[in-house]
Each structure stands twice: as C-alpha cells, then as structure tokens.
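A, B, ... follow the sequence lines: proteins, then strands. Residue 1 opens every chain. Hydrogens, waters and symmetry mates are skipped; everything else that's a heavy atom, side chains included, is used.
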Amino acid sequence: MGCVIELGYAVPIDGECDTVIEFRDVSYSVNGVQVLAGLNLRVARGETLVLLGRSGSGKTTTLKLVNRLVNPTSGEIRVNGERNDQTDLIRLRRGIGYVIQDVGLFPHFTVSQNIGLVPKIENWGEEKICARVRELLQLVGLREEFAARYPRQLSGGQRQRVGVARALGADPAILLMDEPFGALDPLTRDDLQREFLSLQQRLRKTVVFVTHDLREALRLGTRIALMEAGKLVTVLSPGEFLKSEDPWASAYVRAFRDGLEAAANRGTP
Amino acid sequence: MNVIRFISQNRTQVLELTGEHLWLVGWSTLFAMLIGIPLGILIAHRKQLNKPVLAAANIIQTIPSLALFGFLLPVPWLGDRAERLAILALTVYALLPIIRSTYSGILGVDPAVLEAGKGMGLTESQLLFQVELPLAISMILCGVRVAIVISVGLATIAAAIGAGGLGEFIFRGLAMVDNRVILAGAIPAAVLALFADFGVGWVERRLKPR
C-alpha cells in the first residue's frame, strides 16, 4: 500500500498514497438513537474499502454520509480534501458513483438512457454519450443489443450490471456500493464479484463497498473495516482479518468456518 | 323515440348548450389541474402539509353543490357573471381527485429509484420532471379523468344559477314534467362524459412511459 494506515491516522510515506475520503469524529443520531459514534476512517485512492458489519451496525449510514444522503450530527467528512458539506451538493454527487442493492434503475428509461443520464444532464454531446454507453455496456459484460431494452426485461444480474454501468456513467473517481450483489443468486453473485475485481484492476476507482458477507469482503476488499453497533471496531487487510485476535473479527471468521464445517459434516454421525 | 325526435328538432340549442357545458367543464378542469397537480406534488414532498390540504379538499367535496353555488352568488366580481361562479365551483370540486391522485402517484414511485436518482446527483427539479412525474403520470391522469366525469355531472346544476349548459334542459324538463326535455339534457351530458373519459384515456396512453 505504500503507507501506514491505522485507525484514524493515515501517514503517507510517499506521494502515491493520498486520502480521497476521510471521516473525522463523525457521529450520527436520529430521533435520539445513536446510529454512528466517533467514526474516524480514511479511504485511500484506488483501494476498495469494505465496510463489513451486521444489519444496524451503521455501515450503510457511513456510506451515505459520503454523498450526503445522510448528514452527520457532528464531525466532518472530507472528499478529496474538501469538507463535503462545503462543496456543491450536486457536483459532489455527480463525482461519486452510487450503486445500491435494489439497483433503482429508472423503469421508464431504456438501458442506454439509464446509463447515459448523468452524461446527458452534464451536457455531453449525443455522440459522446452513445460511445460512452457502448463502452460501459462492454465493460460490464452486456451485449450491445441490451441498450434498447427496458429494466423490466432484464434479469437481476443484468440489472445490477446496468446499475454499475450507470454509476460509472460520467467516470467518477469514487464509487459507493451498498450491498450491490446482496440480492443475487450465488452463481450470478460469483460472476459479478469476479468481474468487479477485473474491472477494479483496470479502473482503479476508490471504492467503498458495504456488505455483511465475510466471504465477499475477503474477496473484494483491499482493507476491511469492521463495524459493530455504530462503532468502527477495526480496519484490517483480508489476510490480517483471517488471523486477527480481535473478538469481533474472529467471531466472523469462526462463524464462517463453522458454517462450512457444519455443512461438510451433515449426515456423518 | 320521442326523445330523439325532440333532440333533432332542437339540435341547434342542444349543440349550443353542449358547447356551454364543455366550456364550463374545460376551464374548470384546466384550473383544477393547474392548482391541483402542483399542490399534490407539494404535499407529497412536504409530509406535514398533506393532512391539512387533503382534509380541506375533502371538506369542500362534502358541501352540496347547490349550496356552494348559492353561497358564492353574493360574492362581488364572481356573482356578476354566472359562468365565473360556476367555473370556480366546478374547479373546487375537481381539486380533490386531482390532488389525491397526484399525491399517491408521486408517493408510489419506488424509493430505490429516488435514492439512486438523488445519489447520482439529480437536482430536485430533474428528479421531479425526469423521474417522478413521468412515473406518476398515469395515476395523475386517472384523477383528471375522475374529475372530468364528476364535473360533467355537476355542471348540469350550474344551470340553476343561470350559467347555462345542458342543465338548462334538465331544469326546464323538471319544471314542465316532460321527460323528453330532461333527457335532451341528460343524454348529451352522459355522452360528453364518455367522450371526455375516452379522450383522457387516449392522452394517457400517449404520455405513458412504456
């Protein structure tokens, strides 16, 4: 990684490791319920930071704080060094791709209109948009004939591919992904995870990826930020995570291994 | 068959009154759309407003139409011309179905779609015009359809205050105890309602996202 990253501190050793997203003492509560407490976290350029945690652990909230779908109760979030509540909201969001589990494709737009929407409202020319849509379809592994289809004519996996292509529409440097593959069947999920990795190798986006699936976290993450009850427990690389002594991290690993073992031992007395 | 003969004998007057009727319904529906659709959008976005607005529209709906026409008669500028008054009253009655359908249409848009749109950096107006309204349009037009059908019926009562329309035949027929005359007003009104319903249905099919 070229730099030392600890909880709350990232000390750049050389120039290539710069922080793209930074949370400083961020807390968020709604109706008196503390959802997130004292979060300090940095995301470096080009890495895939996975937010791993149970439902209600605050991982989705953390993600939404970045593009200000949620505003913090206290603390600040910096994107590219600037406080995100002091930059123009629309500009901020257009520079950040956003992919969610329910995809949220516009049902009245074709696939190509969905993908080309942000380029269109950014006033790209017709031809440039067309070329971009074609490029993106190819990138996410969809044949060109899908361009004219409507979302309801697609399978779940195809929809999520379009969702990813749409998020990449105007070529944002940052990608926020909220359990994007959570609703897919295991085989399709496996395909999409593999393609995500090869995509990420080529594009080197700064990705924040929310999941509750350890396997997905280990497979896709450069680092894994483990969250529990609104607090960041620890940030580890996948290798470190598997060996970690941290009670929460080891609980995940144990549950994962036990599951596999239990499945393997079924039927044997 | 007497009715048909009566209508064809008086066809100029039937046509004239149908024209007046359409005029009342047309303007009032237009005004109701101009007020009701934005109001429906507003209350879908500002949740704290939806109860008072819908309650007000509901209460208005419960005022007997004849009473409303009577109430408005002494109002200075309005009372001068009966059509103004009739158009206002019809507008007020058409509001509820239009506000309600716009409100439910906008609320019915899939929250995931809205979240994705917001997250992509669509402005509020882009979200409204490119996403919410196109997805709510069938629902909104459904309300407009109901409003028109109600208005065509209600507009017959406008004749009671001298605003013209097909109600003239109906009231005259009632006074003369002559079914032919009543039907000469009622039948064209029913036909008008059917045509209007069909017309909006056609517009709806044209505007509906596929």
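- The pair B:Arg206-B:Glu204 does not count as a salt bridge, with every side-chain nitrogen at least 4.0 angstrom from each carboxylate oxygen.
- Formation of a donor-acceptor pair under 3.5 Å by the A:Thr211 side chain with backbone atoms of A:Asp213 is found in this model.
- The cationic atom of A:Arg152 (NZ for Lys, CZ for Arg) lies less than 6.0 Å from the six-membered ring centre of A:Tyr150 and within 45° of the ring axis.
- Of the atoms belonging to A:Leu105, it is backbone heavy atoms, and not side-chain ones, that fall under 4.5 Å from chain B.
- Relative to the six-membered ring of B:Tyr103, B:Arg100 misses at least one condition, a distance below 6.0 Å or an angle of at most 45° to the axis.
- To the nearest 0.5 angstrom, A:Leu36 atom CG is 9.0 Å from A:Leu232 atom CG.
- When each of A:Ile100, A:Asn67, A:Val118 is scored by its heavy-atom pairs under 4.5 Å with chain B, the top score falls to A:Ile100.
- Within the 4.5 angstrom heavy-atom criterion, only side-chain atoms of A:Arg166, from C-beta onward, approach chain B.
- The closest donor-acceptor contact from the side chain of B:Gln126 to the backbone of B:Thr123 lies under 3.5 Å.
- For A:Leu176, no part sits under 4.5 Å from any heavy atom of chain B, backbone or side chain.
- The CZ atom of A:Arg94 sits 6.5 Å away from atom CG of B:Leu122, with the distance rounded to the nearest 0.5 Å.
- Proximity to chain B (any heavy atom under 4.5 Å) is restricted, for A:Val103, to the backbone atoms N, CA, C and O.
- A cation-pi arrangement is present between B:Arg84 and B:Trp77, with the terminal nitrogen or guanidinium carbon under 6.0 Å from the aromatic centre and inside a 45° cone about the axis.
- The candidate with the highest count of non-hydrogen atom pairs below 4.5 Å against chain B, out of A:Asp102, A:Ile90, A:Ile96, is A:Ile90.
- At a heavy-atom cut-off of under 4.5 Å, chain A is reached by no residue from residues 18-47 of chain B.
- The pair A:Arg132-A:Glu135 counts as a salt bridge, with a side-chain nitrogen and a carboxylate oxygen less than 4.0 angstrom apart.
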